[in-house]
Amino acid sequence: MGSLLNQERPPVFCPGCSHERIVQALDDAFQRMGLAGRQIVLVSDIGCSGLFDTFFNTHAMHGLHGRALTYATGIKMARPDLHVIVTMGDGGLGIGGAHVLSTCRRNIDLTLLILNNFNYGMTGGQCSATTPENALVGSGFLNRLEMPMDICQVAGSAGAGYVARLSAYQNDLAEKLALAIGFNGFSLVDIQGLCTGRYTKKNKLTPKMIADNIECLPPVSHFEAENNREEYCSHYQQEGARLSPASPPLSIKAEFVLPETDRQEIVILGSAGQRIVTAGEILCLAGISAGLHTTQKNDYPITVLRGHSISELVLAKEGIDYTGIDIPSVVIALAPEGVAKRLEMLAGLEETTWILAIKGLEIPSTSARITELDFHKYKIKSRDWALAALIYLACKKKVLTLEMLRTAVGLKFSGKVVEQTSNLIDQVSEFL
Amino acid sequence: MVLSFMEGNEAIGWGALAAGCRFFAGYPITPATTIYNTMLKLLPSRGGICLQGEDEIASIGFCLGASMAGLKVMTATSGPGISLYSEQISFAIGSEIPIVIVDVQRLGPSTGSATKGADGDIQFLRWGSSGGLPVIVLAPVDATDCYLLTVHAFNLAEIHRCPVFIASNKEISMTRETVDLSSIKLPDIVNRRLAADDRPFLPFEVRGDHMAPDFLSIGDKRLVRQTSSTHGPNGYITTDASVIAQNQARLKNKIKLGARGFTFYEEIIQAETDTLVITYGVTARAAITAAKALKKAGMAVSLLILKTLWPVPEDLIRNQAVPFKRIVVIEMNLGQYVREIRRLLPNKTVDFYGQMNGELISPLRIKEVIVHG
């Protein structure tokens with residue numbers, strides 16, 4: 001394979017900038033690997049490293065600052081056969097830090113080249129995440145207040161499969177880049193170089209100093225063995241292959257006819273753990289089995305396992321427009337937490353509403369008809385109260401029938417739960 | 001009759017699958033999370049991909065990469081996530097990357113109330129990205145719309161190579177309801193137009209009377225360039241003012257002029273009424289209930305329910321408003337879309353009612369507004 005450099009668009013970096021050496025080394029690496037342009041995607045970040053894609057005849061995607069790894073991840077997931085290489089500066093490393101860490105954790109087969117020249121070159125030499133504390137940069141004194149980060153150690157700790165710290169000036173740069181690109185997993189290469197347009201105007205830095213600095217920093221080659229694991233795309237495919245496709249949405253036939261055709265609004269007021277939402281769903285499924293349209297809105301706190309749980313159900317022969325509750329025909333009150341959340345509604349109720357309240361539960365003064373349900377006496381557990389109240393309604397032929405209820409339970413559950421529900425139906429019917 | 005029972009968010013997921021969506025990425029956020037849950041159930045088991053990004057910026061970024069690699073993609077979030085999407089949305093607009101973005105609106109501002117509904121992002125969706133170019137926003141009324149409009153959204157994203165928003169609301173997305181799937185007539189599924197291979201490929205060349213460039217996937221035999229920089233047809237940065245102006249005008253016109261093909265709405269026009277109620281989203285349902293009650297009481301009004309919010313269906317609104325003396329706009333915010341209605345109908349009386357307290361606007365309230373102003 002020949003050079004993939006775009007002859008029509010030669011590099012335009014400042015004289016002496018080490019980025020140009022990296023362009024040449026990257027082209028050399030592609031040639032060593034025998035890659036064609038169509039097998040490569042260069043995803044470039046913002047700043048001087050963001051120019052890289054224009055110098056090569058490869059696929060290219062250039063996007064927003066710090067986000068190059070996000071596009072690269074999408075491309076690689078869609079096309080695992082492509083070699084996806086990201087070029088990013090130390091600026092992109094800082095602003096896109098969360099993406100760098102997450103990509104390390106994912107071990108997706110991308111190669112991230114961090115063109116680390118210790119400052120934001122394009123915007124005037126401000127400090128970046130890798131600027132030494134004693135450097136003179138365009139951010140005044142601010143870099144003296146922050147520690148530079150060693151991305152190699154961070155990346156290794158975050159799980160990067162391959163980490164290398166290189167100088168833009170080392171002779172075997174192309175060879176090392178080819179190794180990183182060839183690695184099957186996430187490889188991160190910190191390439192330290194000179195920004196002649198900005199950084200080295202006020203700070204002494206030479207290829208020799210870079211080499212010496214790299215020599216002093218902790219080694220990073222051990223991460224390859226430590227972080228050795230499955231590559232993300234192939235792992236994803238394996239896990240996906242184990243899943244069976246989700247069944248299509250349940251289609252429920254109308255098999256019962258109900259005498260009541262008016263819009264019915266039912267509110268179940270309970271607390272966490274009382275299976276209020278499940279009971280609401282069963283009531284809706286029961287309604288659907290009689291050809292009714294239904295809506296279900298649930299209300300519970302953001303934290304679970306405590307506090308109120310409320311389900312608001314509407315059942316109607318015609319399509320349901322407004323899903324709010326105006327005048328409920330039935331209120332099932334099972335816990336003070338739920339009651340406390342609907343005091344205003346309860347206060348406004350008229351005789352047309354029937355409240356089924358668990359015995360001992362305080363209901364604010366109301367014109368509605370109240371029936372007390374003494375489920376304690378029959379040793380029905382609190383978690384079954386909502387379902388038991390539906391059974392009670394069904395026995396009274398209000399809103400639903402026992403046949404509808406059994407059908408709904410059969411649609412929602414299988415096996416043991418169906419059996420338990422049958423027992424509960426017997427229990428409730430008995431005390432009636 | 002055979003009915004299914006699902007929440008709006010599940011309907012959006014099934015609609016996406018029907019439209020050919022193969023890639024979803026999102027970050028958990030109430031009330032949009034159940035779209036992610038649904039896609040996780042639907043996609044990987046069918047060879048598709050569902051990812052959870054480290055944040056919203058990554059999630060939509062994954063989608064943009066996958067879309068450029070040729071897949072139909074969707075992401076879903078709520079107001080705080082749309083805020084973070086902003087830079088990526090402008091990338092999708094300017095660089096013509098097809099994507100469906102669902103905003104399940106919750107009560108804002110800011111983190112607001114995770115479990116309370118609102119339609120508070122309606123102007124934000126239009127204007128919340130740099131550059132100010134138009135976008136497409138569709139607003140479902142119920143779970144059936146969630147299913148159907150999601151399919152339309154994918155088609156529009158493919159045809160016009162642009163982001164298409166679904167402006168849902170917690171009150172639609174997290175309310176379960178009956179849907180008659182068999183009665184929903186889906187449009188034909190559209191795929192982005194691929195570049196013919198009898199000529200060199202320029203990634204942003206627009207041929208003939210087309211409004212959007214032909215597409216090739218990153219990874220194709222011919223090289224594909226994508227860039228967020230101001231670019232010419234070849235996908236390289238340009239400073240040529242006439243090329244820039246031409247491209248900006250096209251990006252605007254492809255949505256504004258293309259809009260004539262995708263004005264979704266419903267109307268319930270009653271004879272001899274002098275009031276037209278204009279509304280959208282979940283509020284339309286209360287408006288229908290209110291209108292039915294008013295009709296019974298001998299005070300009928302007509303209704304226009306907009307399902308394409310952006311670009312504003314200007315011709316439709318102007319034409320429908322002609323016979324009416326008074327327009328009443330109802331929306332679940334403090335007055336956002338009414339600005340568009342007032343702009344279009346300067347010679348009509350336009351009354352407004354908005355509410356932003358986390359509760360549905362009730363039919364009773366709407367009746368009062370219509371009767372008493």
Side-chain angles (χ1 to χ4, degrees), chain A residues 9 37-38 41 43 53-54 57-65 67 69-79 81-82 98-99 101-102 236 239-240 243-246 248-254 281 284-285 288 291-300 302 319-324 326, chain B residues 1-6 10 14 23 25 30 41-42 44-47 49 51 53-55 57-58 61-71 87-88 91 114-115 171 174-178 181 218-229 235-237 285-286 288-289 360 362-364:
Chain A
R9 292 175 185 271
R38 63 184 159 74
V41 192
V43 183
D53 62 281
T54 63
N57 290 315
T58 63
H59 292 289
M61 187 152 174
H62 169 76
L64 285 136
H65 193 22
R67 316 306 171 201
L69 282 170
T70 72
Y71 315 127
T73 299
I75 293 168
K76 185 71 186 180
M77 288 300 289
R79 288 291 303 272
D81 57 313
L82 298 172
H99 311 311
L101 291 182
S102 300
Y236 194 102
E239 292 287 338
L243 305 169
S244 15
L250 203 56
S251 294
I252 304 160
K253 261 192 298 211
E281 183 182 355
C284 288
L285 295 176
I288 299 168
L292 300 181
H293 289 268
T294 66
T295 63
Q296 179 183 20
K297 295 210 307 172
N298 303 312
D299 176 9
Y300 42 81
I302 293 177
I320 296 163
D321 298 319
Y322 181 57
T323 56
D326 273 338
Chain B
M1 189 161 48
V2 176
L3 295 171
S4 297
F5 187 54
M6 61 173 77
E10 286 173 88
W14 285 102
F23 189 101
T30 307
K41 197 173 73 174
L42 297 185
S45 61
R46 289 173 168 82
I49 296 156
L51 295 182
E54 53 272 18
D55 56 27
I57 299 171
F62 296 165
C63 289
L64 297 184
S67 181
M68 281 314 300
L71 302 185
E87 60 177 16
Q88 305 275 37
F91 185 15
T115 58
E171 292 287 351
M174 291 188 69
T175 298
R176 279 175 168 176
E177 63 180 317
T178 34
L181 287 170
I218 283 181
D220 190 83
K221 283 196 284 271
R222 286 170 284 170
L223 297 180
V224 175
R225 284 189 54 73
Q226 177 53 283
T227 178
S228 57
S229 296
Y236 289 99
I237 199 163
R285 302 172 71 143
I288 293 171
T289 304
L360 287 172
S362 73
L364 192 67

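To find a chain, count down the sequence lines: A is the first, B the second, and so on, and within it residues start at 1. Every value quoted in this text rests on a predicted model; they were computed, and no experiment measured them.
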* Structure fact -> So, the part of B/Met1 with a heavy atom under 4.5 Å from chain A: the answer is both

* What part of A/Thr294 lies closer than 4.5 angstrom to a heavy atom of chain B: side chain, backbone, both or neither? -> both

* For the residue pair B/Met6 and B/Leu181, establish whether any side-chain heavy-atom pair is separated by less than 4.5 Å. => yes

* **Sequence-distant partners of A/Leu82, side-chain contact (heavy atoms from CB on, under 4.5 Å), two or more places apart** => A/Val41, A/Ile75, A/Arg79, A/Val84, B/Ile218

* Test item: B/Val224 and A/Met61 side chains (from C-beta on) under 4.5 Å apart, heavy atoms -> no

* Toward chain A, the part of B/Leu364 with a non-hydrogen atom under 4.5 Å -> neither

* Asked: Does any heavy atom of chain B fall under 4.5 Å from the side chain of A/Asp81, the backbone, both, or neither of them?
  -> neither

* Check against side chain to side chain contact (heavy atoms under 4.5 Å, CB included), A/Met77 and B/Phe62 -> CA-CA 9 Å; A/Met77 288 300 289; B/Phe62 296 165; over 6 Å; no

* Among the options A/Ala78, A/Gly240, A/Ala60, A/Gly37, pick out the one with the most heavy-atom pairs lying under 4.5 Å from chain B. => A/Ala60

* **Heavy-atom contact with chain A under 4.5 Å, split by part of B/Leu3** => both

* Measure across A/Thr295 and A/Cys284 and return the closest heavy-atom pair with its distance rounded to 0.1 Å. => O-SG, 3.8 Å

* Structure fact -> Okay, B/Ser229 and chain A: the region with an atom under 4.5 Å from a heavy atom over there is both

* **Heavy-atom donor-acceptor pair, B/Ser228 side chain to A/Gly63 backbone, under 3.5 Å** => yes

* To do: Spell out, as yes or no, whether a donor-acceptor pair under 3.5 Å connects the side chain of A/Arg9 to the backbone of A/Thr54.
  => no

* To do: With a 4.5 Å cut-off on heavy-atom pairs, point out which of A/Lys253, A/Glu239, A/His293 contacts chain B the most.
  => A/His293

* Structure fact -> Greatest number of non-hydrogen atom pairs under 4.5 angstrom with chain A, of B/Glu171, B/Arg222, B/Lys221, B/Gln88, falls to B/Gln88

* Structure fact -> Heaviest contributor of heavy-atom pairs below 4.5 Å to chain A, chosen from B/Ala114, B/Ala69, B/Pro44, is B/Pro44

* Asked: Going from CG on A/Leu64 to CD on B/Glu87, what distance comes out if it is rounded to the nearest 0.5 angstrom?
  -> 4.5 Å

* Structure fact -> Comparing B/Ser67, B/Ala66, B/Ser45 against chain A, the one with the most heavy-atom pairs below 4.5 Å turns out to be B/Ser45

* chain A heavy atoms under 4.5 Å from B/Arg46: which part of the residue, side chain, backbone, both or neither? -> side chain

* Asked: Looking only at side chains, do A/His99 and B/Glu54 share a donor and an acceptor under 3.5 Å apart?
  -> yes

* Structure fact -> Turns out that what part of A/Ile288 lies under 4.5 Å from chain B's heavy atoms comes down to side chain

* Asked: Using non-hydrogen atoms only, which part of B/Thr115 is less than 4.5 Å away from chain A: side chain, backbone, both, or neither?
  -> side chain

* Minimum heavy-atom distance A/Arg38-B/Asp220, with the two atoms named -> CB-O, 3.7 Å

* chain A: which of B/Asp55, B/Ile237, B/Thr30 shares the most heavy-atom pairs with it under 4.5 Å? -> B/Asp55

* Asked: Does the A/Thr73 side chain pair with the main chain of A/Leu69, one donor and one acceptor, at a distance under 3.5 Å?
  -> yes

* Would you find more than 12 non-hydrogen atoms of other residues, nucleotides or ligands less than 6.0 Å from B/Tyr236 atom OH? -> yes

* Against chain B, label A/Leu285 side chain, backbone, both or neither, depending on which of its atoms sit under 4.5 Å from a heavy atom there. => side chain

* **Which of B/Met68, B/Lys41, B/Glu10, B/Gln226 touches chain A most, by non-hydrogen pairs under 4.5 Å** => B/Gln226

* Tell me, for A/Asp299 versus chain B, whether the close heavy atoms (under 4.5 Å) come from the side chain, the backbone, both or neither. => neither

* Structure fact -> Assert top hit (heavy-atom pairs under 4.5 Å, partner chain B, pool A/Asn298, A/Ile320, A/Leu243, A/Ile252) equals A/Ile252

